[in-house]
Novice: 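The structure under discussion is supplied below as structure tokens; questions concerning it will follow.
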Amino acid sequence: MNTTCDTLPSGTLTQEQAQARILAAIPVFDATERVGLRQALGRMLAHTVTAHIEVPPHRNSAMDGYAVRHADLASGQALQVIGSSFAGRPFTGSVQPGECVRIMTGATVPQGADSIVMQENVQRNGDSISISARVEPGEHVRHPGEDMRIGDTVLEAGRKLNAADLGLLASLSIGEVNVIRRPRVAFCSTGDELKSIGEPLQAGEIYDSNRYTLYGMLQKLEVEIIDMGVVRDTRKDVERAFQQASQLADVFITSGGVSVGEADFVGDTLKKLGQAEFWQIAVKPGKPLTFGKIGNCFFFGLPGNPVSVMAGFPLFVRPAILKMRGESAPTVAEYSAICTTPLKKAPGRKDYQRGICERDANGQWRVRSTGGQGSHILRSMSQANCFIVLPLEWGNVEAGTEVSIMPFEGLL
Ligand code: AMP
Ligand code: MG
């Protein structure tokens, strides 16, 4: 039988349905903070900036050359050089008929002069010059306010500030701006089997890797990161972690403990302290997802398997954080590629398999599987540079099939 969205087991959501529910629940963050200009890079501006001075503030030269009176040029007579105007050291006199001033780029155009002749078009003989080329009236003169005039809206509220914007603000002498506060994101790993780096392993224990993959993925989102360590599988420890996180953070992410195993207290605790929804999502890896809220803190409970964390995060957590930060379309680029290896797949879940993609000589994307797709095989994530995204209803994929890929670049 062909499995489609309509024939999913009841209570199971498609990835798109789960994403839509999450985004509907997440508000755009409006808390702001004041930061210095350099710290504002990449941040969302919280107010409109208008120019309170003109940029440039004075009439200045766009070229190294000579400042002249255009009316003098018709006769072809030589002009007397009466001084120099340097950037920051203007010539203070005024240019009379038959005179000119040596001028550098950015220097104030002296009174009386109205055009600049490039030095390449001038022959200098002692204190006078003759001009060999045609000069347009006003040529190479930059006017006050040509970049920004007083009262101009320079940057709109909601803009993500880039390098050029920092420069604009600096040229208006604005050293601090209000930006949307970064969401604070806390996370912990749950599991009695988990040890942190450097601790000796006892029988049955493994090292916690999820706190590091989560850290890496969160770092890309420019949030404030709060690492709450490993939390033991006891009601008391899980409850304490939830209470702490909900006081400290806007978003709390846990990994592990969301299945229906006997030591899985995450869901119970969330129900007790806040609101919880438990979803089975028709996506592989990472089927169960818990979404909820404690006070004003949004909660995401990801399954513990390392690959499930790395797939669940970009699909469900990342869009939520981007929305919080006010980014309008938190979409992820997908491309079509020829799959050069066969892929195993069962219908009924949308698969995010790990692939290695590259462009061939014709610019066509090709992708191959990293091999083992177990959700505990973190090396497959490390070797991969994209997800191969296979629709829910598909079964096994033959080599040569056109598939969708989602490059990790910019995503993970
Ligand atoms: P759970 O979701 O707690 O049932 O865990 C599913 C699988 O993921 C188990 O094999 C766990 O040992 C493993 N796992 C859970 N948390 C982590 C972690 N932080 N780092 C590495 N593996 C983990
Ligand atoms: Mg566990």
Side-chain angles (χ1 to χ4, degrees), residues 11-13 15 18 185-219 225-242 244-245 249 251-272 276-292 299-318 349 351-354 370 372-384 412:
T12 299
L13 301 179
Q15 173 210 309
V185 183
F187 59 80
C188 70
S189 295
T190 72
D192 281 337
E193 77 281 29
L194 301 178
K195 279 282 159 73
S196 293
I197 295 171
E199 296 176 340
L201 285 187
Q202 309 298 327
E205 295 180 337
I206 56 169
Y207 287 113
D208 170 16
S209 57
N210 290 344
R211 275 163 50 230
Y212 294 88
T213 55
L214 277 173
Y215 170 85
M217 294 185 294
L218 283 167
Q219 193 68 41
I225 298 173
I226 305 167
D227 181 346
M228 299 189 47
V230 172
V231 173
R232 298 290 148 218
D233 284 324
T234 70
R235 244 172 239 290
K236 205 169 125 244
D237 288 311
V238 173
E239 245 181 74
R240 191 187 310 128
F242 268 86
Q244 266 181 10
V251 175
F252 182 38
I253 307 166
T254 61
S255 68
V258 289
S259 22
V260 283
E262 282 176 16
D264 292 338
F265 297 115
V266 168
D268 276 0
T269 306
L270 187 63
K271 261 196 297 198
K272 184 173 158 194
E277 299 198 41
F278 304 97
W279 296 334
Q280 294 296 315
I281 305 176
V283 62
K284 187 182 178 185
K287 193 173 176 187
L289 179 77
T290 304
F291 175 61
F299 173 81
F300 294 86
L302 299 171
N305 272 308
V307 179
S308 306
V309 168
M310 293 204 76
F313 181 90
L315 295 182
F316 304 112
V317 186
R318 182 177 181 271
R349 284 163 82 171
D351 265 24
Y352 283 81
Q353 301 202 8
R354 274 70 75 204
T370 54
Q373 296 292 312
S375 51
H376 60 300
I377 311 280
L378 190 53
R379 266 191 81 186
S380 70
M381 281 301 299
S382 167
Q383 288 164 337
L412 298 179

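Read the numbers this way: they start at 1 and go in the same order the structure lists the ligands and their atoms. Both backbone and side-chain heavy atoms feed into the values below; hydrogens, waters and symmetry mates do not.
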Novice: Atom 21 (C) of ligand 1: which of S189, S209, C188 has the nearest heavy atom?
Specialist: S209
Novice: Taking the ring of F299 and the ring of F242, is the distance between their centroids below 6.0 Å?
Specialist: yes
Novice: Which residue holds the protein heavy atom closest to atom 11 (C) of ligand 1, what is that atom called, and what is the gap in Å?
Specialist: E193 OE2, 3.0 Å
Novice: How far is atom 17 (C) of ligand 1 from its nearest protein heavy atom, and which residue and atom is that?
Specialist: N210 ND2, 3.2 Å
Novice: Can you report which non-hydrogen protein atom sits closest to atom 2 (O) of ligand 1, along with the distance?
Specialist: G304 N, 2.9 Å
Novice: Of all the atoms in ligand 1, which lie at a distance below 4.0 Å from a heavy atom belonging to G256?
Specialist: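 That gives atoms 1 (P), 2 (O), 3 (O) of ligand 1.
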Novice: Set out, in order, the CA-CA distance, both residues' side-chain angles and the distance that settles salt bridge (charged side-chain N to carboxylate O under 4.0 Å, His left out) for K195 and D208, then state yes or no.
Specialist: CA-CA 6 Å; K195 279 282 159 73; D208 170 16; over 6 Å; no
Novice: Can you confirm whether or not the ring centre of F316 sits under 6.0 Å from the ring centre of F300?
Specialist: no
Novice: Quick check: closest heavy atoms across F252 and C188, and the distance to 0.1 Å?
Specialist: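 Scanning both residues, the minimum pair turns out to be CZ-SG, 3.7 Å.
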Novice: Can you figure out which of N305, T254, L214 has its heavy atom closest to atom 6 (C) of ligand 1?
Specialist: N305
Novice: Got a sec: does the OH of Y215 have more than 12 other heavy atoms crowding it under 6.0 Å?
Specialist: no
Novice: At under 4.0 Å between heavy atoms, is it the side chain or the backbone of I206 that contacts ligand 1, or both, or neither?
Specialist: side chain
Novice: What is the nearest protein non-hydrogen atom to atom 4 (O) of ligand 1, stated with its residue, atom name and distance?
Specialist: S259 OG, 3.5 Å
Novice: Counting non-hydrogen protein atoms only, what is the nearest one to atom 3 (O) of ligand 1? Give residue, atom name and distance.
Specialist: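 That would be G257 N, 2.8 Å.
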Novice: Please write down residue, atom name and distance for the protein heavy atom closest to atom 19 (N) of ligand 1.
Specialist: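 Ranked first by proximity to atom 19 (N) of ligand 1 is D208 OD1, 2.6 Å.
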Novice: For S189 and N210, test the side chains for any donor-to-acceptor distance below 3.5 angstrom and give the result as yes or no.
Specialist: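 Checked: S189/N210 side chains show no N/O donor-acceptor pair below 3.5 Å.
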Novice: Is it true that T370 and R354 share a donor-acceptor pair across their side chains at a distance under 3.5 Å?
Specialist: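 T370 and R354 do not have a side-chain donor-acceptor pair below 3.5 Å.
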